[in-house]
Amino acid sequence: MGHSLLHQVLVSDLVLPLALAESTGTQSLTGHGIRLNGGTWLRADLLVCRDEQAAGGRRYVEGAPLLAVEVVSPASRGRDLGAKKDAYQRFGVPHYWVVDPTGAELRVHVYELADGGYAERAVVVPGDRRQLTEPFRLELAPASIFDRTSRWAGRRRGRNMEYIGPDLPSCEEPILVDAFGHRWPTGAEKVELEDGCPIFYGEWDERDVAIAERTYPGRVVRLDQPPGEPGTITILPGPEPAARPAGG
């Protein structure tokens, strides 16, 4: 099972338990963005929010949800347990769960905001059962919730360490399926905005950096991991323009 398919299956496995645990005035959503402020727009794999935060049929939630859930992929693991976790903490998301199938066994990390920072309340693995009361009552039992997929935890698809996908053709040539499915940004697993900086999840190399530099002229394009490895490209602000001489 490829990681993109495993990711989708793990997300779908959580949808029903969260929906059944909803309380009056709240709802669980998948595939929605989270607009935390004018410069930060993140996408959680699942979330629970108050009804009014998603009113009007919007495809995003306004403000911090009650719970954000991320299912780790090789491309997202560093951010889900690092910078993205920090962003959820900074914007006051009270509950954050990380489902991590990338190790020897699937793990669910349960974080709760306390005194301005996340405290890890539990790490739940298959065979464990943990009764949660916040943000709703739910028995977190990975062996039953993820019964179809827990046996896939820790497996990683075989991959060629050469660069992924063909180059884009020149501008006068048509873009064929192989290039369209792999080259930036069409191959992005997820796209987010944090503090005004676009972030693209996927498997990137120097060719993608060159494309991003042409797309965002004047900005700094950062490859956040070795070329061809799963991870992110981040588009950072460019350097301040040099001051013009007085009288120039």
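Here the structure is a predicted model, which is why all the values come from computation and not from measurement.
There is a path of hydrophobic side-chain contacts, each under 4.5 Å, that joins Trp204 to Tyr216. Note on Val191 and Ile233: same hydrophobic cluster, where clusters join Ile, Leu, Val, Met, Phe, Trp and Tyr whose side-chain heavy atoms are under 4.5 Å apart, directly or indirectly. In terms of hydrophobic clustering, with Ile, Leu, Val, Met, Phe, Trp and Tyr side chains grouped at heavy-atom distances under 4.5 Å, Leu36 and Tyr201 are assigned to different clusters. Hydrophobic clustering, with ILVMFWY side chains joined whenever heavy atoms are under 4.5 angstrom apart, groups Tyr96 together with Leu113.
Residues Tyr111 and Leu81 approach most closely at OH-CD2, 3.9 Å, considering heavy atoms. Of all non-hydrogen atoms in Ile235 and Phe200, the two that sit nearest each other are CG1-CE1, 4.0 Å. When every heavy atom of Ala75 is checked against every heavy atom of Pro230, the shortest pair comes out as N-CB, 3.4 Å. Gln89 and Tyr118 get closest at one heavy-atom pair: OE1-N, 2.7 Å. The heavy-atom pair separating Arg121 from Ala114 by the smallest distance is NH2-CB, 3.8 Å. For the residue pair Ala54 and Cys49, the shortest heavy atom distance occurs at CB-SG, 4.2 Å.
Note that CG of Leu14 is 8.0 Å distant from CG of Leu140, once rounded to the nearest 0.5 Å. Rounding to the nearest 0.5 Å gives a distance of 8.0 Å between CG of Leu67 and CG of Leu47. Distance check, rounded to the nearest 0.5 Å: CZ of Arg222 to OG1 of Thr232 gives 7.0 Å. With rounding to the nearest 0.5 angstrom, the CZ atom of Phe91 is 4.0 Å from the CG atom of Asn37.
Using a 4.5 Å heavy-atom threshold, the side chains of His32 and Tyr60 count as separate. In this structure, Val72 and Pro101 have side chains that are in contact, with non-hydrogen atoms separated by less than 4.5 Å. The shortest distance between side-chain heavy atoms of Leu223 and Gln225 falls below 4.5 Å. At least one side-chain heavy atom of Ser73 sits under 4.5 Å from a side-chain heavy atom of Glu189. Inter-residue side-chain proximity for Ile199 and Arg79 is flagged as met; some heavy-atom pair is nearer than 4.5 Å. No side-chain heavy atom of Tyr88 sits less than 4.5 Å from a side-chain heavy atom of Asp80. Side chains of Pro65 and Val48 form no contact here, defined as non-hydrogen atoms less than 4.5 Å apart. In this structure, Pro198 and Leu193 have side chains that are in contact, with non-hydrogen atoms separated by less than 4.5 Å.
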task: Dump the intermediate steps for side chain to side chain contact (heavy atoms under 4.5 Å, CB included) on Leu138 and Leu18, then the final yes or no.
output: CA-CA 8 Å; Leu138 173 72; Leu18 287 188; 4.2 Å; yes

* Could you check Leu132 against Trp97 for side chain to side chain contact (heavy atoms under 4.5 Å, CB included), going step by step and ending with a plain yes or no? => CA-CA 12 Å; Leu132 303 178; Trp97 300 354; 3.4 Å; yes

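Of the residues Lys84, Arg35, Arg43, the one that meets the salt bridge (charged side-chain N to carboxylate O under 4.0 Å, His left out) test with Glu192 is Lys84.
At least one donor-acceptor pair under 3.5 Å links the side chain of Thr30 to the backbone N or O of Asp45. A donor-acceptor contact shorter than 3.5 Å links the side chain of Gln53 to the backbone of Glu62. Side chain of Glu194 to backbone of Leu42: no donor-acceptor contact under 3.5 angstrom is found.
A salt bridge is defined here as a Lys NZ or Arg NE, NH1 or NH2 lying under 4.0 Å from an Asp or Glu carboxylate O, and Asp195 with Arg90 meets this definition.
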